[in-house]
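Since the structure comes first, as structure tokens, the remarks are kept for the end.
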Amino acid sequence: MHCLGSTVRTALLLGAAVGLAFPQSAPPGIPIDDQLTIRKCGGCHQRDSKGMMRRLSYMRTSPEVWEQAIKRMIRLNGLAITPDETRAVLRYLSSNNGLAPEEMKPGFWEVEHRTIGYQDDYTPSPVLQKTCNACHNIGRVLAQRRTRDDYEKLVSMHIGLFPGSANTFRPQPAKPGSAVTAPATPRATPVAGIAMEYPRVPAAPASNKYPVDLALDYLAKHQPLITPEWTAWRAAMRPAKLAGTWLLSGYQPGLGKLYGTVTVAPGAGEDQFVTTTAFTYVDSGKSVKSTGKGIVYTGYNWRGRVGSSTAPVITSTVVPTEWREAMMLSRDGNTMEGRWFWSGFGELGIDVKLTRAGSEPLVTGTDINAIKAGAKATVKLYGANFPATLKPADIDMGRGVTVTKVSAVTPALVTVEIEAAANSPVGLRDVAIGRSTAPESYAVYDKVAYIEVSPEANVSRLGGVKYPKEYAQFEAIAWAAGLDGKMQTEDDVYLGAVPARWGMEEFVSTPDDDDTKYVGSLDDKGFFTPSVEGMNPKRKKQENNQPFNNFGDVWITAFYKTPEGAELKARSYLVVTIPNYTLYDQPEVTQ
Ligand code: HEC
Ligand code: HEC
């Protein structure tokens with residue numbers, strides 16, 4: 001992986017990162033008093049009389065980042081630790097040196113394995129973009145709270161382990177008179193699979209600071225070790241009491257809305273649980289039932305795992321049989337929100353909300369996305385504890401929409417007939433029964449103004465031989481123009497996914513490369529399955545007639561015929577690329 005001999009490396013890192021640089025006047029740290037952590041880590045991370053352990057007392061982070069660090073301790077530093085001990089240390093550190101919910105939230109998408117559209121959008125400052133987002137997701141950086149001194153050691157660790165990072169952190173100007181103005185050839189980083197081109201030597205920044213110093217200034221100021229959020233959460237944190245029945249409402253791109261229940265029972269220890277999950281997709285009527293388990297870290301951080309270990313065949317119509325769960329528990333302990341994900345990269349998944357079922361009527365949503373003003377519809381309302389005596393007047397479907405009849409009631413499902421007045425305002429509606437409200441459950445619209453393919457750009461990875469395929473699900477989303485009558489403005493109203501005719505078109509970057517023939521296939525539900533990785537003998541480069549692989553970029557197109565007979569078209573850009581040879585993934589935290 002890199003060229004330092006292991007003895008040299010260990011000595012260098014211990015010196016640079018753990019031992020020698022202990023500051024004269026120690027900054028405030030977080031005492032560590034867990035015997036197992038002290039026994040396992042204290043040999044190298046010395047503990048002083050105040051309970052401060054080197055490095056560990058000066059950082060806080062998510063369970064995933066703690067897990068990654070422990071793995072490196074095993075891999076590179078010779079830490080001997082059993083899986084059970086690792087779990088115990090991980091739980092302790094995630095509580096004692098964890099993140100407050102508000103601190104976890106900005107990078108939670110990484111834990112949820114959401115990848116598309118999050119990388120750049122969630123980088124809070126340009127000074128992190130060029131330095132800390134160059135090789136990996138910014139999510140793990142946002143999950144850090146450290147002293148400045150410890151951030152500096154993190155940087156030393158990077159330079160020690162991945163010497164290439166020095167060029168990103170502190171690009172060196174060319175010596176006067178030297179002919180070389182930039183690194184002669186872009187080198188691959190020692191991190192397999194992440195080929196990086198180093199920037200050409202930039203002019204010295206006006207502040208005379210290197211990019212890494214600007215990043216350090218930012219991190220020390222905006223993500224310090226001690227924060228009001230953590231002081232507050234440490235005091236408020238308590239063991240999660242989750243046992244009971246939770247109502248599930250979810251949305252799976254491609255398969256649509258789903259409703260069901262998750263029954264949570266106590267598990268092997270405090271903050272550990274076993275689950276029974278059952279849900280049904282409203283569109284297909286297909287049901288899923290499975291059992292699993294979960295752990296809560298830091299009082300709110302749910303990590304779960306469901307299902308068997310047999311890898312299912314993945315297509316657009318197959319329902320999941322196993323998945324991982326990442327959710328955040330609300331402070332009042334009554335809702336959990338997050339994502340359940342599966343497949344090689346967690347690229348397929350369900351956005352979920354769990355609401356604790358009490359004894360009062362609770363409504364979680366409807367089976368429809370939208371109704372046209374002036375139209376009638378039969379609508380199902382999902383929830384719990386619906387009384388058999390429910391009358392139309394007990395159900396509020398929002399402005400301009402009348403319930404004309406309650407046709408059927410069970411405790412978990414009400415079927416109603418509704419009518420939307422011709423002059424109902426266009427927009428999303430809440431549904432309320434008793435004191436319970438399901439916000440933004442469906443829309444009333446005047447006309448479908450346009451469609452969009454979601455996501456607007458996507459990545460898929462070749463695979464299936466040695467590496468997993470990364471699939472891509474597209475959806476055609478309909479929009480109404482809103483009150484201003486103009487398309488593509490802020491007040492447009494989301495009308496949900498509509499059935500579309502799907503196609504693939506050449507994106508002209510390299511002439512005649514026939515990407516659409518090689519990259520993979522798209523089914524009639526907008527689900528893209530990439531081709532296999534490796535050289536394809538049937539595909540030859542024009543210049544030299546050598547075989548090359550199936551990567552490429554294409555347009556994914558959707559056509560939709562509106563009820564009024566107009567044909568709407570939209571497209572998304574898809575890059576189909578090579579496998580990801582290194583993965584940032586810590587599946588152990590769900591065990
Ligand atoms: C055999 C010596 C050794 C043991 C035992 C050890 N570490 Fe480390 N640790 C190091 C060295 C060396 C570094 C600095 C280089 C690095 O970051 O890999 C370090 C750095 C770290 C860091 C800082 C990484 C970062 O993100 O900046 C963390 C966190 C850490 N160790 C956690 C642990 C935990 C938790 C344990 C006990 C379960 C442990 N270590 C046990 C040697 C050790
Ligand atoms: C040259 C590529 C590269 C750059 C640039 C880079 N990182 Fe990393 N970083 C890595 C790799 C690779 C790992 C995984 C280390 C391992 O295997 O445990 C990592 C791990 C981490 C971790 C997890 C800590 C741990 O103990 O494993 C944090 C936090 C982190 N980086 C923060 C940063 C920050 C902050 C910056 C910007 C100052 C940055 N990274 C820039 C490659 C890079």
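We count ligands from 1, going down the list as the structure has it; atoms in each ligand are counted the same way.
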Notebook entry, point to check: Side-chain donor-acceptor pair under 3.5 Å between Asn97 and Tyr58, yes or no?
Noted result: no
Notebook entry, point to check: For Thr168, is at least one N or O under 3.5 Å away from an N or O on ligand 2?
Noted result: no
Check: Using a heavy-atom cut-off of under 4.0 Å, does the side chain or the backbone of Tyr151 touch ligand 2, or both, or neither?
Finding: neither
Check: Asp150 to ligand 1: N or O pair under 3.5 Å?
Finding: no
Next item on the list: Compare Arg140, Arg146, Glu152 and give the one whose heavy atom is closest to atom 26 (O) of ligand 1.
Entry: Arg146
Next item on the list: Please work out which of the three classes, parallel, tilted or perpendicular, describes the rings of Trp323 and Trp340, given edges at 30° and 60°.
Entry: parallel
Check: Are a donor atom and an acceptor atom from the side chains of Thr335 and Ser330 found within less than 3.5 Å of each other?
Finding: yes
Margin query: Do Thr227 and Arg60 pair up side chain to side chain, a donor and an acceptor below 3.5 Å, judged on atom types alone?
Written below: yes
Notebook entry, point to check: For ligand 2, which atoms have a heavy atom of Ala69 less than 4.0 angstrom away?
Noted result: 26 (O)
Item checked: Arg539/Asp515 salt bridge by N-O under 4.0 Å criterion -> yes
Next item on the list: With heavy atoms under 4.0 Å as the rule, classify the contact between Leu56 and ligand 1 as side chain, backbone, both or neither.
Entry: side chain
Next item on the list: Heavy atoms only: give me the nearest Leu99-Ser62 pair and the separation to one decimal.
Entry: CD1-N, 3.9 Å
Next item on the list: For ligand 1, find out whether one of its N or O atoms is nearer than 3.5 Å to an N or O atom of Trp66.
Entry: no
Item checked: Numbered atoms of ligand 1 (with element) below 4.0 Å of Ile70, judged on heavy atoms -> 35 (C)
Note to self: Please determine whether His45 has a backbone or side-chain N, O or S atom lying under 2.8 Å from atom 8 (Fe) of ligand 1.
What the structure shows: yes
Next item on the list: From atom 5 (C) of ligand 2, work out which of Asp213, Asn133, Thr131, Leu128 has a heavy atom at the shortest distance.
Entry: Thr131
Next item on the list: Taking all heavy atoms of Gly534 and all of Asn549, pick out the closest pair and write down the distance.
Entry: O-CB, 2.8 Å
Next item on the list: Provide the number and element of each atom of ligand 2 under 4.0 Å from a heavy atom of Arg75.
Entry: 16 (C), 17 (O), 18 (O)
Item checked: Proximal ligand 1 atoms for Cys44, defined as those under 4.0 Å from one of its heavy atoms -> 1 (C), 2 (C), 3 (C), 4 (C), 5 (C), 42 (C), 43 (C)
Margin query: Quick one, Trp302 with Glu325, criterion side-chain hydrogen bond (donor to acceptor under 3.5 Å, both in side chains). Give me CA distance, side-chain angles, the key distance, then yes/no.
Written below: CA-CA 7 Å; Trp302 173 277; Glu325 302 175 340; 2.9 Å; yes
Check: Should the pair His113 and Phe341 be assigned to parallel (<30°), tilted (30 to 60°) or perpendicular (>60°) ring geometry?
Finding: parallel
Notebook entry, point to check: Who's closest to atom 24 (C) of ligand 1 heavy-atom-wise, of Met59, Arg72, Gln68?
Noted result: Arg72
Check: What part of Met53 sits under 4.0 Å from ligand 1 if we count only heavy atoms: the side chain, the backbone, both or neither?
Finding: neither
Notebook entry, point to check: Counting heavy atoms only, which of Asn77, Ile81, Leu161, Val155 comes nearest to atom 12 (C) of ligand 1?
Noted result: Asn77
Notebook entry, point to check: Taking the side chain from Ser531 and the backbone from Val519, do they hold a donor-acceptor pair closer than 3.5 Å?
Noted result: yes
Notebook entry, point to check: Any non-hydrogen atom of Leu76 lying under 4.0 Å from ligand 1?
Noted result: no
Next item on the list: Select one of side chain, backbone, both or neither to describe which atoms of Val65 lie under 4.0 Å from any atom of ligand 1, heavy atoms only.
Entry: neither
Note to self: Does only the side chain of Cys41 get under 4.0 Å from ligand 1, or the backbone, or both, or neither? Count heavy atoms.
What the structure shows: both
Margin query: Looking at Ala472, is its backbone amide N or carbonyl O close enough to the side chain of Glu347 to form a donor-acceptor pair, meaning the two atoms are under 3.5 Å apart?
Written below: no
Checklist line | Mode of Lys153 contact toward ligand 1 - side chain, backbone, both, neither (heavy atoms, under 4.0 Å) | finding: neither
Notebook entry, point to check: Under 4.0 angstrom from ligand 2, any heavy atom of Lys71?
Noted result: no
Check: Is Lys71 atom NZ crowded by more than 12 heavy atoms from other residues, nucleotides or ligands, each under 6.0 Å away?
Finding: yes
Notebook entry, point to check: If you measure only the distance, is there a donor-acceptor pair under 3.5 Å linking the side chains of Tyr573 and Asp553?
Noted result: yes
Margin query: To check you understand the geometry: which heavy-atom pair defines the closest contact between Lys130 and Thr168, and what is its length?
Written below: O-CG2, 3.3 Å
Notebook entry, point to check: Which of the atoms in ligand 1, numbered in the order shown and given with their element, are less than 4.0 Å from a heavy-atom of Leu79?
Noted result: 5 (C), 38 (C)
Margin query: Centre-to-centre under 6.0 Å for Phe169 and Tyr210, is that the case here?
Written below: no
Note to self: With heavy-atom distances below 4.0 Å as the criterion, list the atoms of ligand 2 near Cys135.
What the structure shows: 1 (C), 2 (C), 3 (C), 4 (C), 5 (C), 42 (C), 43 (C)
Next item on the list: Pull out every atom of ligand 1 sitting under 4.0 Å from any heavy atom of Leu93, numbered as shown with elements.
Entry: 35 (C)
Notebook entry, point to check: Using heavy atoms and a threshold below 4.0 Å, how should the contact between Leu154 and ligand 2 be classified: side chain, backbone, both, or neither?
Noted result: side chain
Notebook entry, point to check: For His136, is at least one N or O under 3.5 Å away from an N or O on ligand 2?
Noted result: yes
Next item on the list: Tell me which part of Thr37 gets within contact of ligand 1: side chain, backbone, both or neither, using heavy atoms under 4.0 Å.
Entry: neither
